[in-house]
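Keep in mind that this is a model prediction, so the values were computed, not measured. Chain naming here is simple, since letters A, B, ... match the order of the sequence lines and numbering starts at 1 in each.
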2 protein chains.
Amino acid sequence: MAYIMNRDERSKIINLQELKVSCSDCSLHQLCLPKMISKEDMHTLNNIIVRGKSLKRGELLFNFNDTFRSIYVVRSGSLKTVYAKEDGIEQVIGFYLAGELLGFDAINGYHPCSAKALETSNVCEVPFEHLEALSARMPSLQHQLLRLMSKEINTDQNVMVLLGKKNAEVRLASYLLSISSRYQQRGFFSQDFYLSMSRSDIGSYLGLAVETVSRTFSLFQEQDVLMVERRHIIIKDRDYLQRLANGSDECGADVNKNVREY
Amino acid sequence: MAYIMNRDERSKIINLQELKVSCSDCSLHQLCLPKMISKEDMHTLNNIIVRGKSLKRGELLFNFNDTFRSIYVVRSGSLKTVYAKEDGIEQVIGFYLAGELLGFDAINGYHPCSAKALETSNVCEVPFEHLEALSARMPSLQHQLLRLMSKEINTDQNVMVLLGKKNAEVRLASYLLSISSRYQQRGFFSQDFYLSMSRSDIGSYLGLAVETVSRTFSLFQEQDVLMVERRHIIIKDRDYLQRLANGSDECGADVNKNVREY
DNA sequence: CGCAGGGTTGAGCGCTCTCAATATAAGTGG
DNA sequence: CCACTTATATTGAGAGCGCTCAACCCTGCG
């Protein structure tokens with residue numbers, strides 16, 4: 001029987017080879033702040049970035065109510081952001097994969113949520129004061145900063161659309177497609193991957209109970225849409241997921257029967 | 001019997017007196033881009049802004065897929081943004097009142113959603129190219145721009161929290177408190193106001209069926225928490241709404257009984 | 001080997017959806 | 001100004017999806 005690596009072992013492979021490179025050598029620079037920036041400017045940007053901040057599974061990058069100081073970029077691994085609600089219950093409102101930036105919701109002064117590593121992860125820290133000063137001198141950086149914040153708004157709004165209307169199958173299908181395409185953008189397998197988040201995280205994010213998430217995974221497995229083995233996911237019928245997510249009602253049962261008409 | 005003005009008549013009163021003033025004279029400048037900007041800089045900003053764009057109820061400010069050109073500020077009245085979904089069904093994802101900015105989700109090039117006036121409204125248009133160029137020369141403007149975008153992210157994330165967890169009563173209570181406090185910030189009555197959006201808009205925004213919204217209004221009326229007469233709302237027991245929204249379970253029935261534990 | 005955390009599955013119930021009818025207000029044209 | 005149409009809102013009845021509670025399984029780890 002083949003040896004199966006656990007979460008942290010898998011992520012360490014990427015970790016080691018990516019550590020301590022400069023922005024220009026980083027495989028993620030097309031997704032990150034340096035995009036569309038000239039060689040010289042990238043060098044300047046390079047100098048303000050604090051590299052190699054490492055987090056173990058469960059560690060906090062920043063906590064709810066912390067003073068805002070920096071924007072962070074995920075170099076490897078993944079994180080979730082959670083809102084603290086009444087009773088100590090927390091709600092997951094975002095997942096961040098390699099190349100994605102977090103902290104844009106805190107520019108007003110304080111972090112409204114906590115960021116926790118889902119696995120062994122590595123992040124770059126970009127002190128915001130410096131970034132802001134640099135942006136004022138580099139129009140292309142300012143532009144990229146605004147674009148990235150706009151993208152964050154888009155992401156959040158898409159989640160709102162997801163949460164606002166659809167049933168469990170549709171939500172999970174959309175979620176898997178989103179994760180899958182984000183992996184693809186990063187050059188990973190998009191049909192065969194390991195989720196770094198628990199069922200409970202997914203449920204919290206999608207507004208569903210853990211049991212419902214689990215049941216829906218099982219349903220997809222029965223329907224031969226997915227192969228599921230705990231966090232190892234293989235997408236067997238991407239079209240079906242796509243049709244579910246797009247709301248076309250050609251998926252056997254009428255998936256729209258419970259969708260409100262506005 | 002007293003004569004009751006309709007929506008448009010009410011908003012016209014504000015319209016006429018606010019038209020064609022410069023930013024420095026605008027009562028909304030504390031909420032808007034000019035906040036914390038020097039006199040001279042405000043004058044420069046003033047010159048790039050196109051004022052007095054007027055919209056009738058139902059008119060579009062921009063449409064889904066339109067090329068992005070400008071950020072807009074609501075001067076008077078109110079707008080909603082809607083995502084076009086499959087089947088021509090639309091979902092409301094934001095409401096914008098006087099002093100609030102919209103368009104930040106389109107900086108990547110195209111508007112992902114449409115913006116429609118809920119009543120006779122007046123907006124200022126801020127051409128983004130100019131705004132960006134100006135920001136590069138005015139650190140305080142750049143800062144304010146980033147803050148406003150961060151705030152938009154906060155708003156969206158709060159909606160995600162709302163949609164992710166709570167039942168109809170809690171959602172509507174949170175919604176009314178949010179609207180109420182935004183009115184208060186603008187110097188209007190916070191306990192006695194007219195909603196500019198329909199039940200259907202509210203339902204779409206909160207992820208509830210129209211009928212559920214209506215029923216919940218009726219429930220609050222029965223419980224003497226609100227006085228409701230179509231879109232005229234009087235808040236009689238703000239504390240109760242607050243307790244609902246905060247999730248404390250001292251509100252008669254156990255409101256948390258249907259809230260998932262994560 | 002036993003324990004803990006995460007995941008799966010089952011049973012039952014309740015909130016909210018759907019469908020439907022009616023009421024009220026707003027808008028339109030003669 | 002009034003009848004007509006349309007949009008919006010309210011209310012009722014019934015059904016279903018997803019939640020809660022509960023038991024069990026699996027995996028990893030000390």
Side-chain angles (χ1 to χ4, degrees), chain A residues 1 3-10 57-58 89 118-119 163-172 194-204 206-222 226 228-233 253-262, chain B residues 1 3-10 56-58 89 118-120 163-172 194-204 206-222 226 228-233 253-262:
Chain A
M1 183 177 162
Y3 175 68
I4 305 209
M5 293 181 292
N6 67 24
R7 251 186 314 280
D8 284 350
E9 284 170 331
R10 280 194 303 278
R57 184 170 134 78
I89 301 171
L118 290 168
E119 58 195 316
L163 293 175
K165 52 174 179 173
K166 297 160 174 180
N167 64 23
E169 282 178 64
V170 176
R171 288 189 198 183
L172 189 59
Y194 283 81
L195 295 172
S196 56
M197 63 293 291
S198 70
R199 298 287 190 269
S200 150
D201 287 332
I202 297 174
S204 175
L206 296 179
L208 299 170
V210 194
E211 296 93 332
T212 305
V213 175
S214 187
R215 267 184 261 270
T216 309
F217 269 121
S218 300
L219 176 67
F220 284 157
Q221 170 120 280
E222 278 170 37
L226 296 180
V228 184
E229 200 191 349
R230 308 214 120 218
R231 300 192 182 182
H232 182 198
I233 308 291
D254 183 357
V255 297
N256 281 324
K257 67 185 165 198
N258 196 24
V259 173
R260 317 146 198 58
E261 308 267 336
Y262 298 117
Chain B
M1 182 180 163
Y3 175 69
I4 304 207
M5 292 182 290
N6 67 25
R7 250 187 313 281
D8 285 349
E9 285 170 329
R10 279 195 303 277
K56 285 206 268 296
R57 184 171 134 78
I89 301 171
L118 291 168
E119 59 194 316
T120 303
L163 292 175
K165 52 174 181 174
K166 298 163 175 178
N167 64 20
E169 281 177 66
V170 176
R171 289 188 199 184
L172 189 59
Y194 283 80
L195 295 172
S196 56
M197 63 294 289
S198 68
R199 298 287 191 267
S200 154
D201 288 332
I202 297 173
S204 176
L206 296 179
L208 299 170
V210 193
E211 296 92 331
T212 306
V213 175
S214 188
R215 267 185 259 270
T216 309
F217 269 121
S218 300
L219 176 67
F220 284 157
Q221 170 121 279
E222 278 171 36
L226 298 180
V228 184
E229 199 190 350
R230 308 215 118 217
R231 300 190 182 184
H232 182 199
I233 308 291
D254 184 356
V255 298
N256 282 323
K257 67 186 164 196
N258 197 24
V259 172
R260 316 148 197 58
E261 306 268 336
Y262 297 117

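Rounding to whole angstrom units, CZ of residue B:Phe217 and C1' of C:dT16 are separated by 17 Å. Distance, B:Ile233 CD1 to D:dT10 C1': 14 Å, rounded to whole Å.
A donor-acceptor contact under 3.5 Å is not formed by the side chain of A:Glu229 with the base of D:dC26. One donor-acceptor pair, N or O on each side, does fall under 3.5 Å between the base of D:dG12 and the side chain of B:Arg215. Contact of A:Glu169 with D:dC17 (side chain to base): no donor-acceptor pair of N or O atoms is detected under 3.5 Å.
Residue A:Arg199 is classed as a sugar-phosphate contact, given heavy-atom separations below 4.0 Å to backbone atoms only.
No donor-acceptor distance shorter than 3.5 angstrom exists from the side chain of B:Arg199 to the backbone of B:Glu211, with no hydrogens or angles considered. In this structure, the side chain of A:Ser204 does not engage the main chain of A:Ser200 through any donor-acceptor pair within 3.5 Å.
In this structure, the nucleotide among C:dC17, C:dA25, C:dT8 sitting nearest to the side chain of B:Leu208 is C:dC17. Out of C:dT18, C:dC17, C:dA25, the shortest distance to the side chain of B:Glu211 is found at C:dT18. Among the nucleotides D:dA9, C:dG6, D:dG18, the one closest to the side chain of A:Asn167 is D:dG18. Taking only side-chain atoms of B:Ser198, from C-beta outward, the nucleotide of D:dT8, D:dT20, D:dT11 with the closest atom is D:dT8. Distance from the side chain of B:Ala209 is smallest to C:dT18 among C:dT18, C:dG7, D:dA9.
Mapping A:Arg230 and A:Val213 onto DNA chain D by nearest heavy atom places A:Val213 at the nucleotide closer to the 5' end.
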